[in-house]
Amino acid sequence: MKKTIFSILCIPILFYVSCKNITKEQTTSTTTVIQPELPSFKASKTTTNMIIDGKRDELDWSKTEVATFDYFYHYDSIIKDDDKQKTTFRMLWDDAFLYVFFECDDEYLTAREKIRDGTPYFDDCAEIFLAPAPDILNTHMGFEVNLYKTSNDFLFMTDFYKGQQGVLKAFNPDFQVETTLTGTLNDNSDIDIGWTMELAIPLKLFFKIDTYAPVKAGAKWTFLALRQERNEIEGNRRITSLIFPVDERKIDVHDPTKFGFLYFVE
């Protein structure tokens with residue numbers, strides 16, 4: 001308990017110390033390099049009483065922006081014809097929560113991890129990384145959840161010490177998540193249809209670190225949303241699909257320069 005409280009109290013300090021701002025303009029004595037504009041996504045405000053059940057029943061889900069994950073990456077040389085499966089992504093917000101909805105076609109529902117802060121990213125898994133500021137930071141909060149609703153949640157620092165990464169996994173936030181599965185989990189003898197995942201992330205998790213961009217209409221954060229897809233029951237072969245592209249040579253989904261803007265709109 002003491003460790004958890006200490007870790008949570010350290011989060012604002014880590015953001016202050018580790019989140020070096022990466023500006024769009026880098027100036028030297030002779031030249032100025034203008035960085036390209038970041039891609040973006042809009043989350044609409046909802047006044048509906050949202051029920052977190054993994055179902056897209058609320059009307060406001062059809063009124064917010066919809067994105068598909070069109071950027072696919074493999075971590076090994078094995079590529080199959082059915083690796084690219086459709087993912088649609090939506091977000092809403094209100095004064096208390098961020099709501100996230102993943103809707104995934106999937107012919108083979110697969111999951112193994114059941115221990116928190118383990119490796120759900122080797123399963124069929126939905127992920128979202130959030131940085132509560134209007135510029136690229138070197139620190140973000142990560143939420144990774146598989147079909148068992150097993151989460152790996154963390155504070156990720158891309159430059160924690162001397163250019164090396166650091167991950168704080170003692171950060172174990174409470175958030176709501178629910179899934180629906182259409183098919184049979186871990187049974188590749190048949191063809192499945194897919195799965196959905198709905199998350200409600202409390203805004204209080206960002207208390208004191210959202211100073212520069214509190215959630216309201218007109219605010220913007222940086223973020224990245226992605227899906228891990230594993231079609232075989234054995235092994236760790238997976239396909240990563242993302243809302244925004246990353247460097248295909250490194251496939252570093254934690255590279256903050258590959259994040260985009262999340263705009264909060266009415």
Side-chain angles (χ1 to χ4, degrees), residues 8 11-12 15 19 38-69 87-104 116 125-137 139-147 149-156 171-180 195-227 242-244 259-266:
I8 293 173
I11 289 172
F15 261 91
C19 298
L38 297 181
S40 63
F41 180 82
K42 296 182 180 67
S44 299
K45 186 173 186 180
T46 179
T47 56
T48 301
N49 180 25
M50 302 293 290
I51 306 299
I52 308 306
D53 55 6
K55 300 176 183 178
R56 193 164 50 82
D57 294 336
E58 292 86 358
L59 184 60
D60 283 356
W61 282 124
S62 63
K63 296 180 179 180
T64 194
E65 184 172 351
V66 181
T68 56
F69 292 0
T87 303
T88 56
F89 174 82
R90 296 170 170 86
M91 287 190 72
L92 294 167
W93 64 280
D94 59 22
D95 293 334
F97 292 94
L98 298 181
Y99 303 99
V100 188
F101 202 96
F102 293 82
E103 196 166 1
C104 305
R116 187 169 194 170
C125 176
E127 306 182 20
I128 185 166
F129 306 151
L130 297 160
D135 283 303
I136 299 171
L137 303 180
T139 301
H140 57 267
M141 287 183 176
F143 302 83
E144 303 174 337
V145 188
N146 71 2
L147 300 188
K149 297 184 287 186
T150 302
S151 65
N152 178 37
D153 30 62
F154 49 83
L155 187 68
F156 194 98
F171 170 65
N172 288 324
D174 290 326
F175 62 97
Q176 300 175 57
V177 60
E178 193 54 71
T179 62
T180 65
W195 52 276
T196 66
M197 184 177 294
E198 185 175 17
L199 299 92
I201 301 173
L203 296 183
K204 66 182 180 181
L205 297 182
F206 306 93
F207 179 63
K208 291 293 186 181
I209 60 172
D210 62 352
T211 302
Y212 300 103
V215 173
K216 61 182 180 179
K220 66 179 179 179
W221 290 6
T222 58
F223 87 113
L224 186 66
L226 57 148
R227 169 191 177 183
L242 297 101
I243 189 172
F244 308 131
F259 283 27
F261 285 130
L262 171 61
Y263 287 97
F264 296 96
V265 300
E266 290 282 3

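Results of the ring-ring contact (aromatic ring centres under 6.0 Å, His included) test with Trp221 over Tyr263, Tyr212, Phe206 single out Phe206 as the only residue that passes. Exactly one residue among Phe97, Phe102, Tyr99 makes a side-chain contact (heavy atoms from CB on, under 4.5 Å) with Leu199. That residue is Phe102.
When all heavy atoms of Thr46 and Asp94 are compared, the pair lying nearest together is O-CB, 3.5 Å.
Here CZ of Phe261 is found 6.0 Å from CG of Asp135. Values are rounded to the nearest 0.5 Å. Taken to the nearest 0.5 Å, the CZ atom of Phe175 stands 13.5 Å off from the NZ atom of Lys204. Here the CD1-CE distance, from Ile243 to Met91, works out to 9.0 Å after rounding to the nearest 0.5 Å.
A ring-centre distance under 6.0 Å is not found for Phe129 and Phe156. Proximity of the aromatic rings of Phe244 and Phe223 is defined here by a centroid distance below 6.0 angstrom, and this criterion is met.
Residues Leu224 and Leu242 are in side-chain contact: their nearest non-hydrogen atoms beyond the backbone lie under 4.5 Å apart. When side chains are defined from C-beta on, Phe69 does not count as touching Cys104, because their heavy atoms never get closer than 4.5 Å.
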Show me the donor-acceptor pairs within less than 3.5 Å that the side chains of residues 47-59 make with the rest of the protein, sequence neighbours left out.
from  : atom 1 : to     : atom 2 : distance (Å)
Thr48 : OG1    : Asp60  : OD2    : 3.1
Asp53 : OD1    : Lys55  : N      : 2.9
Arg56 : NE     : Glu103 : OE1    : 3.1
Arg56 : NH2    : Glu103 : OE1    : 3.3
Glu58 : OE1    : Trp61  : NE1    : 3.4
Glu58 : OE2    : Ile51  : N      : 2.9

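The main-chain N or O of Val265 is found under 3.5 Å from a side-chain atom of Trp93 such that the two form a donor-acceptor pair.
Residues satisfying the salt bridge (charged side-chain N to carboxylate O under 4.0 Å, His left out) criterion with Glu65, sequence neighbours excluded, are absent altogether.
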